[in-house]
Amino acid sequence: MNFTRWSARLPGTQRRAASRRNDRGISTAPPRPAQRTESRGESRGEGSVPAARGDSDQQPDSLPSLPALEDFPAREIFGRLPALVALTHGPEHRVAYVNDAYTTAFGPRPIGSPAVDVCPELTELGLPPLMDQVLRSGTPRTIKSRRVHTGGSYTVTCLPIEHPDRAGEITGVCVFAADVTDHAEAAERLRASERRQREMAVTLQRSLLPQDLEQPDDLRIAATYQPGGEDAAVGGDWYDVITLGAGRTALVIGDVMGRGVRAAAVMGQLRTAVRAYARLDLPPHEVLQLLDGLAAEIDASQIATCVYAVHDPNEGQLVYASAGHLPVLVRDEDGTVRRAADPTGPPLGTGGWLHTSGTIALPPGSTAVLYTDGLVERRDEDIDEGVAALERALSGASGTPQVMCDRLFRAMGVTAEHDDDAAVLVVQHPARKGVSAELFHNAALDLLGGNEAAPRARAFASGVLASWRFSSELHDLGVLATSELVANSLQHGTPPMRLRLRRTDRRLIIEVTDGDDHLPRRRRAETEDEAGRGISIIATIASSWGSRRTPGGGKAVWCEFALPR
């Protein structure tokens, strides 16, 4: 502490300084008149250099003397401190002194008694072991913001005290406790506010995710989402499963690059838009193209990564498009893991990019894994190393989709305290055998020869449906639907034409493809119209129907009949 400026004003300071100068043989006589009458210009050193402040040899009387530490009344200073001060002595930490602030906070303490017995607040703060360490090592120790039963919070420093006559021998401890209750309460209010905001974001995030995943006939699907720990803000990870009809399924996973409620809100809008665009039954790259423009309109400051993939059981593969997202992984039945290659475009919201679609085989017995960066990204390693670690974990994983989700999370070290959101979507294409395989059949017929293809198609459908042992009612409805779809294709479509029948354990699917890309629409036929009733008949008798454009040109028109359980 620097006393040079104010020490001369302390009472008795000048008398003590004069006494010390007399003891040293220094004259305390007043200066000569010539020195006192020095002109102002000379005192400022016109052409001269004043003596340095610390040069006592040249001007011994120019500086006031500093008071010695023993000149200050330590007990009075300790007593007035707002902080709590307690002095203890010896290995038993017997109380030697407590100041007024300590007494006000915890009451008087008997001098000479062990602190453990008479100062329960020290035990409550966890200080006895710390005081033992200070007494042994002679090194100060500090603990921050400890709470006591009275509700106060204190930051406490324990300082070693040397024996006054034996230098280097530590015989006591000074406990200095600063009351930080206001700071602790403010910090707790801030933490409570952050917890409420985080809980609100987590609630919003979970409410926007699908509560129950759709389970297609040909796939088994499970997903897991794990928000980041308490110190990590909630992100915008999302996933979805959308049945498109005719046995086809859209799989989506994405990540909004932001945190908190804002990111969750953007995620919800994107997920809703994906479901709307999926109903158009567009190719994956066209869906991402639409999402790219929408993301920029929702919030230009937020970008998102996304993978949109479509599984067609007739093709046995995933057709996918990626907007800056991590690659899809596929595990074959023998444990071999394949990584989906390019194409990968920039994230959604960047604009100016034409996305393209790619394919990866998903045969029976294989498993596809879609995930967000929170599962594989670590601060101390490259993300490619994380993807490679996920590949190794997937190679050894087996079981149901939900079991695989849990195993992948454990293998990648994702817990409730993880520093980022993580989501994983596991899609299995089971290899069916035995009785289960009898519930899944396919049959196809190329429609050749013009109008005479219609009776052949009806006969083919009748024979197939009879072999699949459907009821007579469902048999007749299936033949009627086949007749109307084939007639519509023969009238409005172009070759090549193909009829495909498919049954699963839940539905009968009838689909006709041709080379014309004009999609049919349902319209109201007038009484005198000779055509235009085919699609209306299909919509009336079938559980659902739809149409889509096929890769390379052409279209597919389909309808489904739900099977009785």
Side-chain angles (χ1 to χ4, degrees), residues 1-4 7 10 66-191 229-231 379-380 415 417 419:
M1 183 179 292
N2 188 355
F3 298 94
T4 55
S7 60
L10 292 176
L66 298 179
L69 183 60
E70 58 270 14
D71 293 334
F72 295 95
R75 176 181 292 273
E76 181 180 351
I77 293 175
F78 281 163
R80 294 181 179 180
L81 283 177
L84 282 60
V85 178
L87 303 180
T88 65
H89 179 76
E92 295 182 352
H93 304 296
R94 295 183 178 275
V95 178
Y97 168 79
V98 293
N99 70 345
D100 295 342
Y102 195 105
T103 302
T104 302
F106 300 114
R109 295 293 180 257
I111 303 303
S113 301
V116 176
D117 298 334
V118 299
C119 299
E121 62 278 357
L122 299 185
T123 303
E124 192 174 358
L125 291 169
L127 291 182
L130 196 69
M131 296 167 68
D132 291 338
Q133 293 179 15
V134 172
L135 198 62
R136 288 194 304 268
S137 65
T139 304
R141 293 286 189 271
T142 299
I143 58 173
K144 295 184 178 180
S145 193
R146 294 283 182 89
R147 183 181 292 274
V148 295
H149 72 279
T150 58
S153 296
Y154 297 90
T155 292
V156 185
T157 298
C158 295
L159 301 168
I161 300 177
E162 290 187 0
H163 192 281
D165 299 326
R166 295 189 292 271
E169 181 180 349
I170 306 301
T171 59
V173 176
C174 174
V175 178
F176 186 91
D179 189 343
V180 294
T181 303
D182 293 341
H183 297 284
E185 291 178 351
E188 182 58 34
R189 289 194 296 269
L190 179 60
R191 285 192 293 268
E230 293 292 335
D231 296 333
R379 296 182 185 276
D380 56 348
T415 65
E417 300 303 321
D419 61 357

Next item on the list: Report the C-alpha separation of Leu122 and Val156 in whole Å, then their side-chain angles, then the decisive distance to 0.1 Å, and conclude whether the side chain to side chain contact (heavy atoms under 4.5 Å, CB included) test is met.
Entry: CA-CA 10 Å; Leu122 299 185; Val156 185; over 6 Å; no

Check: So which heavy atom on Phe78 is nearest to which on Asn99, and how close?
Finding: O-ND2, 3.1 Å

Next item on the list: For Arg146 and Leu125, indicate whether the former's side chain and the latter's backbone hold a donor-acceptor pair under 3.5 Å.
Entry: yes

Item checked: Check against side chain to side chain contact (heavy atoms under 4.5 Å, CB included), Leu135 and His93 -> CA-CA 9 Å; Leu135 198 62; His93 304 296; 4.0 Å; yes

Note to self: As an exercise, state the distance from CG of Asp132 to CG of Leu127, rounded to the nearest 0.5 Å.
What the structure shows: 10.5 Å

Check: Can you list the steps and then say if Val98 with Phe106 is a side chain to side chain contact (heavy atoms under 4.5 Å, CB included)?
Finding: CA-CA 10 Å; Val98 293; Phe106 300 114; over 6 Å; no

Item checked: Taking every non-hydrogen atom, the tightest pair across Thr171 and Glu162 -> OG1-C, 4.1 Å

Notebook entry, point to check: Run the side chain to side chain contact (heavy atoms under 4.5 Å, CB included) check on Tyr102 and Val175 step by step: do they pass?
Noted result: CA-CA 10 Å; Tyr102 195 105; Val175 178; 5.6 Å; no

Item checked: Considering all heavy atoms, the nearest Pro160-Ile170 contact -> CB-CG2, 3.8 Å

Check: How long is the gap from CG on Asp117 to CD on Glu92, to the nearest 0.5 Å?
Finding: 8.5 Å

Margin query: Please find the pair of heavy atoms, one from Ala83 and one from Ala101, that lie closest to each other, and give the distance.
Written below: O-CB, 3.4 Å

Checklist line | Distance in Å, Leu130 CG paired with Ile143 CD1, rounded so as to fall on 0.5 Å steps | finding: 6.0 Å

Next item on the list: Please tell me if the side chains of Cys158 and Cys174 come closer than 4.5 Å, counting only heavy atoms from C-beta onward.
Entry: no

Notebook entry, point to check: Would you call Arg109-Glu121 a salt bridge at under 4.0 Å N-O?
Noted result: yes

Check: So, Thr181 side chain and Ser153 main chain: donor-acceptor pair closer than 3.5 Å or not?
Finding: yes

Next item on the list: Output the distance between atom CE (Met131) and atom CG (Leu159), rounded to the nearest 0.5 Å.
Entry: 11.0 Å

Next item on the list: Of all the heavy-atom pairs spanning Thr88 and Ala115, show the shortest one and how long it is.
Entry: CG2-CB, 4.4 Å

Next item on the list: Give a yes or no on whether His183 atom NE2 has more than 12 heavy-atom contacts from other residues, nucleotides or ligands under 6.0 Å away.
Entry: no

Check: Of all heavy-atom pairs between Val95 and Cys119, which one has the smallest distance, and what is that distance?
Finding: CG2-SG, 3.9 Å

